[in-house]
Amino acid sequence: MPDIRVVPLGAGQDVGRSCILVTLGGKNIMLDCGMHMGFHDERRFPYFNYITGGNGRLTEHIDCVIISHFHLDHCGALPYMSEMVGYDGPIYMTHPTKAICPILLEDYRKITVDRKGEENFFTSQMIKDCMKKVVPVNLHQTVHVDDELQIKAYYAGHVLGAAMFYMKVGTESVLYTGDYNMTPDRHLGAAWVDKCRPSLLITESTYATTIRDSKRCRERDFLKKVHERVENGGKVLIPVFALGRAQELCILLESYWERMNLKVPIYFSTGLTNKATEYYKLFITWTNQKIKNTFVERNMFDFKHIKGFNRSYIENPGPMVVFATPGMLHGGLSLEIFKKWCTNEKNMIIMPGYCVAGTVGNKILSGMRKIELKPGQIVEIKMQVQYMSFSAHADAKGIMQLIRMCEPENVMLVHGEAAKMEFLKSKINKELHLPCFKPANGETVVITTNPPISAVASVKLLHKHREVTGITPNPKRIKTIHGTVIIKGNNMQLVDSNDAIDELKLKKHELRFTSTVHIPNIHRPTSVAMNQLHGHLKKNLRSHNISINSEENILIDSVLLKAQSSAEEKTDQEGMDVLVSWSMQDEELGTYIMDLLRTGFQTRTT
Amino acid sequence: MAVHLKKRAYEEFGHVIQEAPKLKLRKLRISKPSSSEPATLSAVSEDIQLDLEGQPSHIVLQILLKFSKQLPVSADHAQQICDILLKHFHSEKNTAVRAKIAWLLRRLSSTLGFHPLQTADKIIILMDAEVSGKVLAQLWSAALSIALRLTQEKSLHQKLVTMACSGLTDHHQEVRCCCLNVIGNLATNKNTSKLPSEKRWDQVNVHTLVADYFADPEPRVRSASLRALILMHQRGQRLELNVYEQSCAALNDDHEVVRLTAVELVWILSHVYPESLVKAPCSDEKIRLVDDAFAKICNLFNDSSYKVRAEAARLLGSMHLVSDSFLFQTLDKKLMSDLRRKKSLNEQAKEGFVEEFSSGAKWADDAVPREQNPDTTTLMNSGACGAFVHGLEDEMMEVRTAAVDSLTELASQRSNSSFAQAALDFLVDCLNDEIEAVRLNAVNSLHMIVEHVTLLEDQLDNVHSAMEDSSGDIRAGIHQLLSSCRLMSKSCLYDTVMMLLKNLNKYPQDRHSIWKTQQRLGKHHSELVYLLVPQLLSCHPFFDTSEPEMDDPSYISILILVFNAAESCPQMIQLFPEHVLRHYQYLRDSIPELVPQDIQLTTNTSGVDFCIQSPPHQSDSNNDPASFLQQTLARVRDLKGHETSTQRILLERTIHDLRHTVEIAPSLSSTAQCSADFLQAQLLLLKAVDKKSWSGSAQICCQHIAFAKPAADQIIQLTLELEHLYLGLSDEEVAMIRQLRIKAQALLFVLQLQELTAGKQSQPQQDNARLTSLCKKFFRMVEGLQIFLNDRSLTPDSFARTLFNELLKLSPQKHSLIIKFLQPLLSHYSASEVDFNNKVQRSSVVVQQPQPRFDAPITFSAGLAACVHVEATLLNVVNPVSEIRIRVMYPDMSCQLFELHSYDVKQLSPFRHQIKSKIYLSHTQWSDSCVIKLSFVKIHNKRVVLQNCQKESATDHGNGQLQLCKPVSLTIHPKPAIRV
């Protein structure tokens, strides 16, 4: 039996450094190649030695690499893998991902090497070399990696350019979702996939135990809180990552400002974001309906109310809204602004996403009001702290919806916490009746598939079948076809059994079942009884030829009913024995008639 | 279908080209370039007869194609050509040609006046022998179109249906589609055909037979079979219940078209058998069919095609019979199959509602629940669950709009308001949609259901926040919403009032709509207002607070609220401070439509009882103004029988009475005013053509001229108004008015001629030319009237007839002759009766903005333009953009017309338009404040208007404009130049 093997090198019962190895029809595919935010040693990258065994390059082990989107936990280890470990094969990603990915990698490199002073890290040149190996793909474009392996990208929402990838070798296929979002947001649409019926679906499960309130609720809350603050003259700080949510929130605030005619300034920390927004302007086809439609008149990413931020604005009086990076408040501009503003109760900070334990963001979200920002300096936080989940991952319902949309044979959960996965897994088992896996990192899952076996059916057989079963595609009637499978070398043939006998020069045996049924309550003599029986059967088996011959035997197709001359002493009793005989081919009809004789007749006569 | 077939015919034609040598084809095209020439029909048929025999297939196809461009042909030829085609069909080997022939047969059989019954029989014979699927499909559609034409031929229908039933087994998908189409269009419930070869265990009838094809391997056949059942339903055939399960299975089809058709069929079945019981999915329970169908359609909100989603969303709205438990599910994503009652978001928030799933709204809320009870937490896919939540936040605007509509419909038709209450949250959330059309739709939808429910505090908050929208339509919608809703508590009302005031501050142009809202709020919530009076009026128990300014719009809006509440809650009057009472008197007179007229205000704050009387009622002695109007008009009915002097007195009295009617009966005012104006014009004419004064001495004549000229002008003005400012005048009535006008114009003309001939001696040359031009002008008017009457084939009255017959024969140069001819004609004039029925409606404009204010001038800087917002309601105007202008008259009597833009005009109801526009006043050299007059005018003569666009002519009627309202006087004041 053919099988699909999956080994997560990262993201197995975990979030971060997504990297999943799939062996599909003899092809090895690496899905995503990310880094882990929580580690600063070699654990931040996937354990590539697992593949190479510590020596040699990856090229000979891996046929292709697929990157789902530009978040660093999905592509952060790419230059390391391709340049430092060594991989020269193709890397597939969508056009926006290819455009934005190097910016983020470069930024990541700068922070680790220039700020933290780490050595033995990939260089700018390596990023460039790595990007040269990238093959961009379009949505719904089928790319033939080699003669057997083909891949296809589907829209995934989540961030600009995020895609789900469908891989197929022969009859086996795998759909890898990457991160996706089933509810559309202010700038992106919802993930969409056709009924591709993959053998295995590998889906993320970040929010496996959440079913979100309506999106509008969240947006409304967010806008109301921001509006209220700025109306009271307070300042609002929104720490964001440069890409993804930032653009969504910008669009949200921008259109709200426009709609409400507000004049309070909104700032965005410049740098990365400007560059990224340029790309958002370019890839309008990847955005949602509203932006696409209004694009002709005005590009929504040309913000009217949002201006670049300058450090000197921190001290400015009066209300303002500031988007600042990084999102978890673990350094940089956002922390700087936070330090200045946190002591005023008029101000507010809105955390729009996930915060890793240990960051300032995590601390304030867990309710700490006194925080040691610098050693020995404890600050009391008076500003309001709000959490707003604007995470663009599918919730439990969205995951179920995707599973139903693509109708896979098996489901695998990755990119989530183990306990939450377990919960969702039970749901999937129970409600969709699908086998579900949740491997840990390094754990191999073998999925056996049942590939369809094709056989050539003879025309003669089909004609015969058509005559027997009728032609309408009546779904209420089970259609079986009787034939013989002949396997000659690699090809299989389905032929009529008589032809098979002829071909193989075998002797024909016929198998008949014979049984005797005692029918009580039937009038003697036999001829009357048989006629009665005939009438009864005719009523019940309308669509069959039922005939009674001269010897008072009833023939229903090939089923023979014969009155058994029972022992003389029983003549005074009512009832009679009937011999029923049918051939192997009419098994179905035969058993039906047996049942009919056993039950149907008695009730009628009494 | 025809397009489709044609396209296919061409495709096949393309196929032929490949086979045939190209050279030959080209030759043909050159040799027969006459396709564009209109060939006679007989020639065409002869051509075909000649050509078809013995021609190779591709040439026949060419001929047929050419012929198909000449369709339709007459009925006689149709028969002839059909015969030729049928004959050729037998001998033709090429399938493309046969298909084309079949197509032509279909087109020919639809020829008017051609009875194609015989053709149908022949086609049926052809079908038996035909093997090619494409040709067969064409033949089927030909047969169908014939059968549809011959509705009475039941036997033909029966025959076709029987054939189609057996034809369903064809290999070619198009044939199957066509057969299903035939069955759908022709079969009745009686057609229970059973194929001999078919072995089935269950009963067969035409529905189940068609339903078998829901599972056909070809998607087009699947959708055709579903469509066939829909067609049968539309033809009034009762569908079988047992197809329901199969159609539900089609909802999960891989193909969009099939799902789209299936959802419609399921919806139809849910209306036919709402109460039948079907097995619930995944359990042994039985549920109502309508509930089951509802859940299944809801499930399609997760469909991958947005068209299916939108269709599902659209259809849900009309499933009124669905049970509450299913309906409530649609609003909760988390609700599982145990159908417990859903709590509104507010309730959940209050209770700190804990679910198995976290909502993701709180930080670290998504820890794994410890306890899992497998029995209660199942079935996330139970269809209806959260459907509307999904639909309302769908990616596509089409789905969202449809979902809003459906949700509203479901909520508003429920007898109990609990669903409406629950749905409110979601509709309110839609006020925050990114697309304005959806927001507007949400506002209007809310308006529909808000009568059933009470707005809770946090919902109100959302409504309030939408009020700051920069789109005026949405704000107006919210104001309307607030004015018809019920508020929960005192604080709700207070917040609402404060928000309205804030809105007023931010968007002063909303003043009128906000005042109206305050009025309604006051009326609906008098008890709540009572509790808030001290707060609202900021009274202090011990100190007298400063008296607010009377002109402050927000103060006025508070007063409107309070006074309207006081009408039904008189005890609050005790709480009013003294100045409020004074202000009441003022407001009662200045904005009578917003302030109740008769509140008994007494107060003893000033020590003396001081009572404000309500204004005296207009006594309605005559209880029935309609009959009064009838009586009044009856007086002038036989006017001609009276003496001239009596006529005058009668007319004067009648006009007086009619003017009175205008005041007392608003519903009849249009008719009364119209009649009065008409009579007035007649009266004036009577006086002006008075024989005695006309033919009297020179002095009397002079006096007469002094009276008659303005009278004639006035008549012309009145008749113009009558003609153009009233809707619903019949042609006869317009003719009457215009004939009256021509008399006035004749009078004016005669007077002018007399004047000029009297002073002819001074400058004979010049005067002669002027006289001639005057004559020509008058002649043109007469001709214009003649054309008008002729076009509508109306008989002119004696005066007009004489003009047409005699005057137009005269030369314009013979002035004296014309005077001699006209003068006696005019003096024979007598008034005619009038009978305008009550369908007449006068056009009018109510200006809401700007209001005349002398103390607050509009200031503007020198060199810049000042903007004035204009808001008005137009009544009884057909086409405001082209007919209505805003006229501004400057102090130097120059006037300027402003056109309206189509986006300024919003239709409220038929013949009722709301105008919101801006006009920009450009300045001339002013240094002092001065008054400009702004009014609405109707354009009745565009040409004239264009000519004297800038200059104001002496008489109003000369410039092609008619005033629709009293001019509003505005003071504008140029800002003094700033000295640096």
Side-chain angles (χ1 to χ4, degrees), chain A residues 183-184 186 189-190 192-195 207 209-221 223-224 227 255 258-261 288-290 351 365-366 387-389 391 395-397 400-401 404-405 419-420 422-423 426-427 430-432 467 469-477 542-544, chain B residues 168-169 195 197-202 209 212-217 246 249 254 302 304 333-334 345 355-369 372 374 377-381 386 389-390 392-397 426 429-430 432-435 461-462 465 468-471 506:
Chain A
T183 41
R186 287 284 167 153
W192 185 87
V193 68
D194 58 15
K195 272 189 192 168
Y207 288 90
T209 53
T210 304
I211 291 182
R212 287 205 200 89
D213 277 347
S214 86
K215 176 191 70 171
R216 277 175 222 290
C217 250
R218 274 175 283 151
E219 288 178 353
R220 188 223 308 149
D221 271 3
L223 295 171
K224 210 164 85 186
H227 193 171
S255 51
E258 179 99 24
R259 197 147 70 75
M260 296 302 175
N261 229 343
N288 71 4
Q289 191 187 19
K290 158 95 175 175
M351 304 296 295
L365 276 178
S366 352
Y387 170 72
M388 293 264 153
S389 166
S391 197
D395 61 0
K397 191 142 187 177
M400 299 296 260
Q401 200 184 329
R404 245 177 287 141
M405 253 164 112
K420 293 179 186 172
E422 183 56 46
F423 175 75
S426 68
K427 290 276 169 211
K430 210 156 44 196
E431 284 166 34
L432 302 171
E467 275 161 29
T469 54
I471 316 151
T472 55
N474 181 3
K476 281 183 188 164
R477 193 181 154 127
R542 277 164 191 276
S543 51
H544 291 267
Chain B
L168 282 175
T169 54
L195 301 179
S197 64
E198 185 67 357
K199 293 174 185 172
R200 290 183 63 125
W201 307 82
D202 56 342
L209 186 70
D212 284 351
Y213 286 85
F214 291 178
D216 194 272
Q246 281 159 288
D254 283 7
N302 296 330
S304 56
K333 277 168 131 181
K334 286 177 203 153
L345 286 182
E355 291 264 2
E356 185 191 13
F357 285 98
S358 82
S359 65
K362 286 182 205 145
W363 170 247
D365 183 30
D366 55 349
V368 182
Q372 287 172 29
T377 62
T378 52
L379 269 176
M380 220 173 321
N381 62 345
V389 184
H390 281 295
L392 292 177
E393 59 184 42
D394 195 275
E395 188 180 351
M396 306 307 273
M397 168 197 155
F426 296 92
D429 275 348
C430 281
N432 200 13
D433 197 275
E434 55 200 356
I435 293 181
D461 267 3
N462 297 325
S465 63
E468 294 188 42
D469 205 296
S470 59
S471 151
K506 198 165 174 184

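Each chain gets a letter, A, B and so on, in the order its sequence line appears, and its residues count up from 1.
Scanning both residues, K195(A) and D254(B), for their nearest heavy atoms gives CD-OD1, 3.2 Å. Considering every non-hydrogen atom in both P184(A) and E393(B), the closest pair reads CG-O, 3.2 Å. Residue N302(B) comes nearest to R404(A) through the heavy atom pair ND2-NH1, 4.0 Å, listed as atom of the first residue, atom of the second, then distance.
Checked by atom type and distance alone, the side chain of E434(B) never pairs as donor or acceptor with a backbone atom of K290(A) at under 3.5 Å.
Contact of M260(A) with chain B is made through backbone and side chain together, with heavy-atom distances under 4.5 Å. In this structure, the portions of E219(A) lying under 4.5 Å from any heavy atom of chain B include both its backbone and its side chain.
Rounding to the nearest 0.5 Å gives a distance of 10.5 Å between CZ of R220(A) and SG of C430(B). To the nearest 0.5 Å, the span separating NE2 on H390(B) from NZ on K397(A) amounts to 4.0 Å. With rounding to the nearest 0.5 Å, the separation of CG in D394(B) from CD in Q289(A) is 9.0 Å.
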